[in-house]
Amino acid sequence: MKKVIIGLGLLCVFQVGNAQETTKELPGKPALVSSEETLAKLAAAEKGDYKYTVEDYFKKPAQSEFQLSPNGNYLSYRQRDTNGKRHVFIKDINTKKTTLVLKETEDLIRYYGWANNNRLLYIKDNAGDENHHLYAVDINGENDKELTPFKGVKVLFQNELPDQEDYVIILMNKTNPQIFEPFKINIKTGALEKLFENTDMFNPVDEYYFDKNGDLKAYSRKEQVTEKVLYYRSSKDEAFEKVIQTNWNQNFYMLDFDHTGKYPNGAYMISTLETDTNEVVLYDLKEKKVIKKMFHNATFDVSSWRYSKKRNYEIDFFYYNGEKQVYVPVSETYKKMHQRFTLEFPDKEYQITSVTKNEDKYLLYITSDKLYGTYYFYDQQKDTIEELFNLMPQLKPVEMAEMRPIKFKSRDGLDIYGYLTIPKEIENKKVPLIINPHGGPYGPRDLWRFNPETQLFASRGYATLQINYRGSGGYGKKFFTAGFKQIGRKMLDDLEDGVAYAKSLGFIDETKVAIYGGSYGGWAALGGLVKTPDLYTCAVDYVGVSNLFTVFKSFPVYWKPYLKQMYEMMYDPENPEEVEIMKAISPALNADKITKPLFVVQGSNDPRVNIDESDQIVENLRKRNFDVPYMVKYNEGHGFSHEENQIHFYKTMMGFFAQNLK
């Protein structure tokens, strides 16, 4: 399982009641929600004999999420049933015997993974509220146990302990709901040992760094509201000492300690202290100096790496996303593997999703803009690659649309990157355009990959433009900070400039441009209707913010220590000048400026964007007798995860687009 560092996911999209039900138990204002009949009528507006249905793109794969056990004797995976639930199975690779280990219920299994050769860990929350709890189960399906049965407490996975198979390290906001502390937990009994007291709510520790033995050797604390201070000790018998103080928007965080033995106080750090984009440096935490610069790209941020425990922690590769993914092999072993994979899968991207402890067997996930995804089994000793499972065999790559990397200049001179998905067979005709801004807005970015949304749109004749506007991650510090205080302003300018770029290509119908987004993207959709009402033909707001004043007040309690940081990125409600900007760019406060058709979609249990955000925009528009269809799902949070809800949403959205873009 992967380490999670506390941070600001901000506004990123990660029991269905009757839509007209007015029971007091339902969140928000159920009377505002459109009836099932109204939504069905809207969905029916899409007519046509299409080769692929919405279900073809959004029905869960028959099998997915394959993982190898550490010893390589078992293969685990999720398997869909006829009701769309995805249960966890384990297959004995030698005997071929298959065992049902976990049955998914109404509360979805958000993640699962191998803890050791005999036990799985998995995570669930309550109807999308993101208060994740940790569970464990034996590989025969027995001894299924909730390890963190604490109401209102959120669990984050921190560290594996390879030499202590019955233990992992987790983070929980159990003592104080606003801050997280590390615990060592027994995955059989649930017994807990607190490893550090994080008691200062105003200067909380937000990153913990444990060595391979589970000893806390470093941590990063927020101090003076927006400063970050890294502390380190060379052994658990010593006191922590200050290493370096940086501003929160400078990167200086740890990938891992150096475990080779060559540098006892060494750590591999991601740093922007001397560069604009992320670089990897080997740093001496005791001497407080760089030992060696390891990797840097001048345009794109390095985002990942991999080392070999078997080969004494030799570095295998560095990785970054440019226009497409880029692996930079380091070790001779990995150079051979990388060459093997790229020759085997030309014009596609690969990911190593699972590897045995002995590093002799691998699972590869192969994808592209036209291939949903296929798993392959790689035996390194035999150097053989065998197809394991094609997740979506019904979607033929030759019939899918191209996702083209693009680049253009913003009106103030920034290089803006993005992707344009183009319907097939557009010769001699112009097509409508859907601009689809990603969530965040700060940090996430769109990638070149198979995207079922853009493929669905393309199959109906719509081009899709995805823009990594200023503030997006992956393009360096200057580009990231260029988005500060620009929500509703230059961030929207970037989208408008992207539309102008797409129109310049000659195949976009300039009279038919929609904007659709989730989370911050929903905010951008609403903001676009307010700022440039003549540019967009219609919009879809999916779990989007509508009022900056109310969204700040409704954030999860564990975001409270970071509010000042959010104010630096967004706007400060304690600054009179910025209050005026907030009023001007909050769509719910400017609903009178919206004149184009709008479809609003919300999960009732959303902890990031409270249902009140969607209720406000709908209610304010309805006061003007503005017809706005409104879909709410009462078993969802920040984005829809239940298969039936996703399909209902996309069918209704396609009807909305057919009604307004055709």
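Sequential numbering from 1 along the given sequence is applied to the chain's residues.
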(message) Could you check whether Q455 and T421, counting side-chain N and O atoms only, form a donor-acceptor pair closer than 3.5 Å?
(response) no
(request) Determine whether more than 12 heavy atoms belonging to other residues, nucleotides or ligands lie under 6.0 Å from atom CG of N575. (result) yes
(request) May I ask you to check whether Y558 and Y562 place their ring centers less than 6.0 Å from one another? (result) no
(message) Under the salt bridge (Lys or Arg N to Asp or Glu O under 4.0 Å) definition, can you give me all pairs with a residue in residues 442-468, not counting sequence neighbours?
(response) E46-R460
(request) Check the pair F599, T652 against side chain to side chain contact (heavy atoms under 4.5 Å, CB included), reporting the backbone distance first and the verdict last. (result) CA-CA 9 Å; F599 175 32; T652 309; 3.6 Å; yes
(request) Spell out, as yes or no, whether a donor-acceptor pair under 3.5 Å connects the side chain of S368 to the backbone of K370. (result) yes
(request) List in chain and number order the residues that pass salt bridge (charged side-chain N to carboxylate O under 4.0 Å, His left out) with K409, two or more places apart in sequence or in another chain; answer none if no residue qualifies. (result) D415
(request) Identify which one of Y469, F300, Y501, F408 satisfies the ring pair (Phe, Tyr, Trp, His ring centres under 6.0 Å) criterion when paired with Y417. (result) F300
(request) Mind checking ring pair (Phe, Tyr, Trp, His ring centres under 6.0 Å) for Y571 and listing every partner two or more places apart, or none if nothing turns up? (result) none
(message) Let's go through E643 and R86 carefully: what are the C-alpha distance in whole Å and the side-chain angles of both, what is the deciding distance for salt bridge (charged side-chain N to carboxylate O under 4.0 Å, His left out) to 0.1 Å, and is it a yes or a no?
(response) CA-CA 10 Å; E643 179 184 287; R86 299 189 304 141; over 6 Å; no
(request) Please identify each residue that fulfils salt bridge (charged side-chain N to carboxylate O under 4.0 Å, His left out) with K564, with sequence neighbours left out. (result) E574
(request) For T454 and Q466, test the side chains for any donor-to-acceptor distance below 3.5 angstrom and give the result as yes or no. (result) no
(request) Could you tell me which residues satisfy ring pair (Phe, Tyr, Trp, His ring centres under 6.0 Å) with Y372, sequence neighbours excluded, listed by chain and number? (result) F450
(message) Could you check whether N645 and N635, counting side-chain N and O atoms only, form a donor-acceptor pair closer than 3.5 Å?
(response) yes
(request) Tell me, yes or no, whether the heavy-atom count around K29 atom NZ, taken from other residues, nucleotides or ligands under 6.0 Å, exceeds 12. (result) no
(request) Specify the closest pair of heavy atoms between S64 and L391, including all atoms of both residues, with the distance to one decimal. (result) CA-CD2, 3.9 Å
(request) Return the minimal non-hydrogen interatomic distance between Y520 and H438, and the atom names on each side. (result) CD2-O, 3.5 Å
(request) Quick one: which residue pairs count as a salt bridge (Lys or Arg N to Asp or Glu O under 4.0 Å) with a foot in residues 492-513, not counting sequence neighbours? (result) R411-D493, R411-E496, R411-D497, R470-D494, D493-K531, E496-K531
(request) Answer yes or no: is there a side-chain heavy-atom contact under 4.5 Å between V155 and I123? (result) no
(request) Would you name the heavy atoms of Q602 and V609 that are closest together and state the gap between them? (result) NE2-O, 3.1 Å
(request) Only pairs at least two apart or in different chains count here, so list each salt bridge (Lys or Arg N to Asp or Glu O under 4.0 Å) that has a residue in residues 582-601. (result) E580-K583
(request) Would you please name every residue forming a ring pair (Phe, Tyr, Trp, His ring centres under 6.0 Å) with F389, sequence neighbours left out? (result) F66
(request) Provide the full list of salt bridge (Lys or Arg N to Asp or Glu O under 4.0 Å) pairs with a residue in residues 645-654, sequence neighbours left out, each pair given once. (result) E55-K651
(request) Can you sort out the partners of E399 under salt bridge (charged side-chain N to carboxylate O under 4.0 Å, His left out), two or more places apart, ordered by chain and number? (result) K51
(message) Would the distance check show the side chain of E636 and the main-chain N or O of H642 forming a donor-acceptor pair, the cut-off being under 3.5 Å?
(response) yes
(message) Please evaluate residues V579 and F549 with respect to the criterion side chain to side chain contact (heavy atoms under 4.5 Å, CB included), reporting the C-alpha separation (whole Å), side-chain torsions for both, the decisive distance (0.1 Å), and the verdict.
(response) CA-CA 9 Å; V579 165; F549 297 96; 3.9 Å; yes
(message) Within the 3.5 Å criterion, strictly below it, is a donor on D301 or S303 matched to an acceptor on the partner's side chain?
(response) no
(request) Go through the structure and list residues passing ring pair (Phe, Tyr, Trp, His ring centres under 6.0 Å) with Y365, not counting sequence neighbours. (result) Y375
(message) side chain to side chain contact (heavy atoms under 4.5 Å, CB included), that's the test. Do L598 and D541 meet it? Break it down for me.
(response) CA-CA 7 Å; L598 172 66; D541 161 28; 4.2 Å; yes
(message) Check this for me: K103, atom NZ, are more than 12 non-hydrogen atoms of other residues, nucleotides or ligands nearer than 6.0 Å?
(response) no
(request) Flag the pair K85 and E104 as a salt bridge only when some basic side-chain nitrogen lies within less than 4.0 angstrom of an acidic carboxylate oxygen. (result) no
(request) Name all residues meeting the salt bridge (charged side-chain N to carboxylate O under 4.0 Å, His left out) criterion together with K124; count only those two or more places apart in sequence or in a different chain, and write none if there are none. (result) none
(request) Show your reasoning for whether side chain to side chain contact (heavy atoms under 4.5 Å, CB included) applies to Y57 and Y650. (result) CA-CA 10 Å; Y57 294 103; Y650 285 106; over 6 Å; no
